Asker: 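Before anything else, here's the structure in question.
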Amino acid sequence: MADRYGQFTSEIQPEFYQDQDDNVLNSLFKEYERVIFRSIITAFGLDLFIKDRYGGDVDTIFNARKVGQDPKMNYKRPENENAFANREEYSHKLVEGEGTHFQRIKHEARLHYGDDNRNNTVQDIYEDRPLGFLGKSKGHPTDKSAELDHVIAAKTIHDDRGRVLTGISTQELADSEDNLRWTNEHLNKSMGQDEIPDYIAAHPELPDNTKARMMDAYNQARASYELKIERSYYFDFENPNCRAFYREIATAAGKRGLEMGLREAVGFLVTELWFDIKDNIQECDGTAKGVFLAINDGVKSWLKNVQKNYKEIFTQFGEGLVSGIIASLTSTFLNTFVTTSESIGRIIRQSWASIVEATSILLFNTKEKFFCDRMTSAAKVLAAGASMIIGTSVQEAVMLKLEGIAIPADLKNVISVFAGSLCTGLLSVTLLVCIDNDPFGGFLDKYYGQYSKEFQRQGKLFKEYCAKLQNVNYEELNREAEYIYSLSMRLQYARSNSEMNQMLSKAITDLGIHPLWKGSSLDKKMKDLSWVLTF
């Protein structure tokens with residue numbers, strides 16, 4: 001009976017829904033082996049050639065200030081390191097010498113104080129009382145004599161790596177009006193070069209209101225100082241150091257983009273090579289010669305597939321390029337206010353790689369016609385990406401746990417990579433099982449379920465009517481229709497012509513179809529020039 005309606009079932013099969021009775025676990029590894037293998041290869045193999053740096057790839061103010069304090073932090077640009085090492089030696093004359101803003105303010109205040117019978121005093125910003133210019137005579141009351149204080153110590157500003165990074169002079173920042181306040185000579189000399197928070201911590205006997213006014217003045221000066229530093233380095237394009245910063249950003253982003261593009265392209269090629277060789281080895285006779293020939297045939301098959309699918313290689317490279325550029329920019333942005341570790345750098349890269357690939361599937365994929373199918377494919381990509389991110393975190397955690405154990409460093413690395421890879425593989429399988437339960441189909445059924453069910457009912461009636469017209473058994477017709485539909489899906493993902501031939505040969509046997517090349521094979525018959533294939 002199969003001969004009578006085998007062709008008919010293949011024509012009417014386009015279904016309204018997919019049969020959900022199949023056991024997903026039976027085919028999950030085979031169907032998604034490529035996804036899992038490529039995820040592990042790229043995350044724990046090819047990533048070794050991409051060096052993520054502690055604190056990112058570009059010098060930021062936040063991270064520059066950690067150099068010398070954090071043993072893992074260093075300058076990314078040698079010019080910035082040299083600028084700090086070769087900075088001018090500090091002297092109080094830099095900020096208090098002749099011609100400085102400091103001297104001008106003191107001079108004007110003294111002149112004003114001498115007018116109008118010496119009634120023009122200045123206000124002590126810290127102790128909130130009037131002060132005068134009482135000279136330097138011995139025995140003068142220092143707690144009433146006015147002195148001009150650098151709220152943020154000039155020496156601190158001079159040695160600030162963030163300040164050196166911007167290229168702004170010590171005098172310009174230390175002698176700013178925002179950083180100069182009047183206080184009494186006694187308190188000013190007592191503070192010396194100490195920063196106000198440190199001085200307060202060392203002198204708990206200070207009155208609470210004095211402490212509060214000192215911290216208020218310090219916070220205002222610090223906020224103004226930080227704003228000037230950040231504007232100069234990040235937004236003042238007339239500043240050559242700012243332009244150098246953005247050149248470094250562009251260089252780092254381009255380099256990371258190329259690395260990620262090559263990683264994705266090479267990962268795709270390595271995955272295809274592995275499966276081409278693997279498929280041929282599985283089909284060989286198992287002898288040493290057979291395995292060697294299978295490897296040779298697998299490489300040849302791979303080369304042919306590379307030539308045929310060269311556009312896919314460029315697609316993978318392009319997606320990696322875009323994700324690498326965005327990841328580098330994201331890392332630089334984060335490092336302006338936090339310090340990212342090497343593992344965080346890998347997580348940022350993998351996150352953007354998954355997001356870019358999923359976006360490409362949703363917006364530009366032409367393989368899946370329906371948006372629901374594209375959502376499912378995108379979800380699988382994101383699931384693989386999430387698995388790699390968690391696997392990377394596990395690898396980092398295992399490495400930290402092993403730090404205190406007396407075993408060779410190479411063995412620690414092997415153990416941590418194995419733990420991360422195992423976690424990635426197991427989590428990928430778990431998430432793919434969940435996705436294969438058709439969550440998007442369930443979402444659509446919630447809103448369009450009544451229409452879908454009605455279409456299914458009408459489709460079933462139509463098939464029953466067609467079967468009756470053709471005088472065939474409907475149940476057997478339905479079974480073969482589902483079989484052919486399943487076969488057509490599996491044929492789309494056949495990795496080689498040999499695997500496709502095996503599927504078709506098995507289908508002929510399962511369906512009981514009598515081949516037209518009786519007693520031989522199609523391949524041999526096609527080589528027989530006297531044979532005529534008649535349908």
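In this text the structure is predicted, and so the values were computed from the model without any measurement.
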Asker: Got a second to check how far Leu187's CG is from Asp149's CG, nearest 0.5 Å?
Answerer: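 Between atom CG of Leu187 and atom CG of Asp149 there are 7.5 Å.
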
Asker: If every non-hydrogen atom of Ile389 is compared with every non-hydrogen atom of Ser351, which pair is closest and at what distance?
Answerer: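 Of all heavy-atom pairs spanning Ile389 and Ser351, the closest is CD1-OG, 3.1 Å.
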
Asker: Could I get the full list of ring-ring contact (aromatic ring centres under 6.0 Å, His included) partners for Phe317, not counting sequence neighbours?
Answerer: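 Listed in chain order: nothing, the list is empty.
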
Asker: Can Arg87 and Asp159 be counted as an ion pair, charged N to O under 4.0 angstrom?
Answerer: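 Looking at Asp159 together with Arg87, the answer is yes, because their closest N to O distance falls below 4.0 Å.
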
Asker: Within the 4.5 Å heavy-atom criterion, are Ile50 and Arg263 side-chain neighbours or not?
Answerer: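 SC-SC contact between Ile50 and Arg263 confirmed.
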
Asker: How far does CD1 of Ile313 sit from CD of Glu272, to the nearest 0.5 angstrom?
Answerer: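 If I round to the nearest 0.5 Å, the distance is 9.0 Å.
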
Asker: Would you check, one step at a time, whether the test side-chain hydrogen bond (donor to acceptor under 3.5 Å, both in side chains) holds for Thr166 with Asn241?
Answerer: CA-CA 6 Å; Thr166 67; Asn241 290 44; over 6 Å; no

Asker: Between Arg349 and Glu342, does any side-chain N to carboxylate O distance fall below 4.0 Å?
Answerer: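 No, this pair does not count.
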
Asker: Does the pair Asn335 and Thr340 meet the rule for a side-chain hydrogen bond (donor to acceptor under 3.5 Å, both in side chains), with working shown?
Answerer: CA-CA 6 Å; Asn335 277 284; Thr340 60; 2.9 Å; yes

Asker: Between Arg77 and Glu81, is a salt bridge (Lys or Arg N to Asp or Glu O under 4.0 Å) present by the stated rule, with each step listed?
Answerer: CA-CA 7 Å; Arg77 185 168 175 253; Glu81 184 175 13; over 6 Å; no

Asker: Strictly below 4.0 Å, N to O, side chains only: are Arg222 and Glu195 in salt-bridge contact?
Answerer: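 The answer is yes: the pair qualifies as a salt bridge.
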
Asker: Going by ring-ring contact (aromatic ring centres under 6.0 Å, His included), name the residues that satisfy it together with Trp302, two or more places apart in sequence or in a different chain.
Answerer: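 Partners of Trp302 by the ring-ring contact (aromatic ring centres under 6.0 Å, His included) criterion come out as none, since no residue qualifies.
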
Asker: Please list, chain by chain and in numerical order, all residues satisfying ring-ring contact (aromatic ring centres under 6.0 Å, His included) with Tyr126, sequence neighbours excluded.
Answerer: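 None.
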
Asker: List the residues meeting side chain to side chain contact (heavy atoms under 4.5 Å, CB included) with Tyr310, not counting sequence neighbours, and say none if there are none.
Answerer: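 If we apply the side chain to side chain contact (heavy atoms under 4.5 Å, CB included) test to Tyr310, skipping adjacent residues, the hits are Phe314.
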
Asker: With a sphere of 6.0 Å drawn around CD of Glu238, does it hold more than 12 non-hydrogen atoms of other residues, nucleotides or ligands?
Answerer: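 Not more than 12 within 6.0 Å, no.
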
Asker: Please verify the inter-ring angle class for Phe133 with Trp182; under 30° counts as parallel, over 60° as perpendicular, anything in between as tilted.
Answerer: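 Correct class here is perpendicular.
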
Asker: Using distance alone, with no hydrogens and no angle criterion, decide if Ser176 and Lys228 have a side-chain donor and acceptor under 3.5 Å apart.
Answerer: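 Looking only at side-chain atoms, Lys228 and Ser176 do form a donor-acceptor pair, the distance falling under 3.5 Å.
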
Asker: Where do Arg65 and Glu226 land on the salt bridge (Lys or Arg N to Asp or Glu O under 4.0 Å) test, with the steps shown first?
Answerer: CA-CA 12 Å; Arg65 286 171 171 165; Glu226 294 297 337; 2.9 Å; yes

Asker: Quick check: are there more than 12 heavy atoms from other residues, nucleotides or ligands sitting under 6.0 Å from NZ of Lys66?
Answerer: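 Above 12, so yes.
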
Asker: Could you tell me the separation between the OG atom of Ser331 and the CD1 atom of Ile326, rounded to the nearest 0.5 Å?
Answerer: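 Between atom OG of Ser331 and atom CD1 of Ile326 there are 13.5 Å.
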
Asker: Just checking, is any N or O donor in the side chain of Gln220 or Asp178 under 3.5 Å from an acceptor N or O on the other one?
Answerer: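 No, Asp178 and Gln220 have no side-chain donor paired with an acceptor closer than 3.5 Å.
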
Asker: Look at Arg104 together with Glu108 and state whether they make a salt bridge at an N to O cut-off of under 4.0 Å.
Answerer: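 A salt bridge is present here (some side-chain N lies under 4.0 Å from a carboxylate O).
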
Asker: Output a table of donor-acceptor pairs, distance under 3.5 Å, between side-chain atoms of residues 93-100 and any protein atom two or more places apart or on a different chain; print 'none' if there are none.
Answerer:
unit_1 : atom_1 : unit_2 : atom_2 : d
Thr100 : OG1    : Gly97  : O      : 2.7
Thr100 : OG1    : Gln103 : N      : 3.3

Asker: Does the side chain of Tyr225 pick up a donor-acceptor pair with the side chain of Asp160 at under 3.5 Å?
Answerer: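 There is such a pair (donor and acceptor under 3.5 Å, judged by atom type) between the side chains of Tyr225 and Asp160.
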
Asker: Is Asp276 paired with Lys300 through a side-chain N to carboxylate O contact shorter than 4.0 Å?
Answerer: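 No.
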
Asker: Apply side-chain hydrogen bond (donor to acceptor under 3.5 Å, both in side chains) to residues Asn188 and Thr183 and explain how you reach the verdict.
Answerer: CA-CA 7 Å; Asn188 192 35; Thr183 189; over 6 Å; no

Asker: When you compare the side chains of Tyr54 and Asn74, does any donor N or O come within less than 3.5 Å of an acceptor on the partner?
Answerer: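 Their side chains do not contain a donor-acceptor pair, so the 3.5 Å distance test is not met.
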
Asker: Identify, with sequence neighbours excluded, every residue that meets ring-ring contact (aromatic ring centres under 6.0 Å, His included) alongside His101.
Answerer: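 If we apply the ring-ring contact (aromatic ring centres under 6.0 Å, His included) test to His101, skipping adjacent residues, there are no hits.
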
Asker: Would Asn184 and Asp143 satisfy side-chain hydrogen bond (donor to acceptor under 3.5 Å, both in side chains), going step by step from the backbone distance to the final call?
Answerer: CA-CA 5 Å; Asn184 63 82; Asp143 60 335; over 6 Å; no

Asker: Can you confirm whether more than 12 heavy atoms, excluding those of Phe337, are under 6.0 Å from its CZ atom?
Answerer: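 Atom CZ in Phe337 is crowded, with more than 12 foreign heavy atoms closer than 6.0 Å.
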
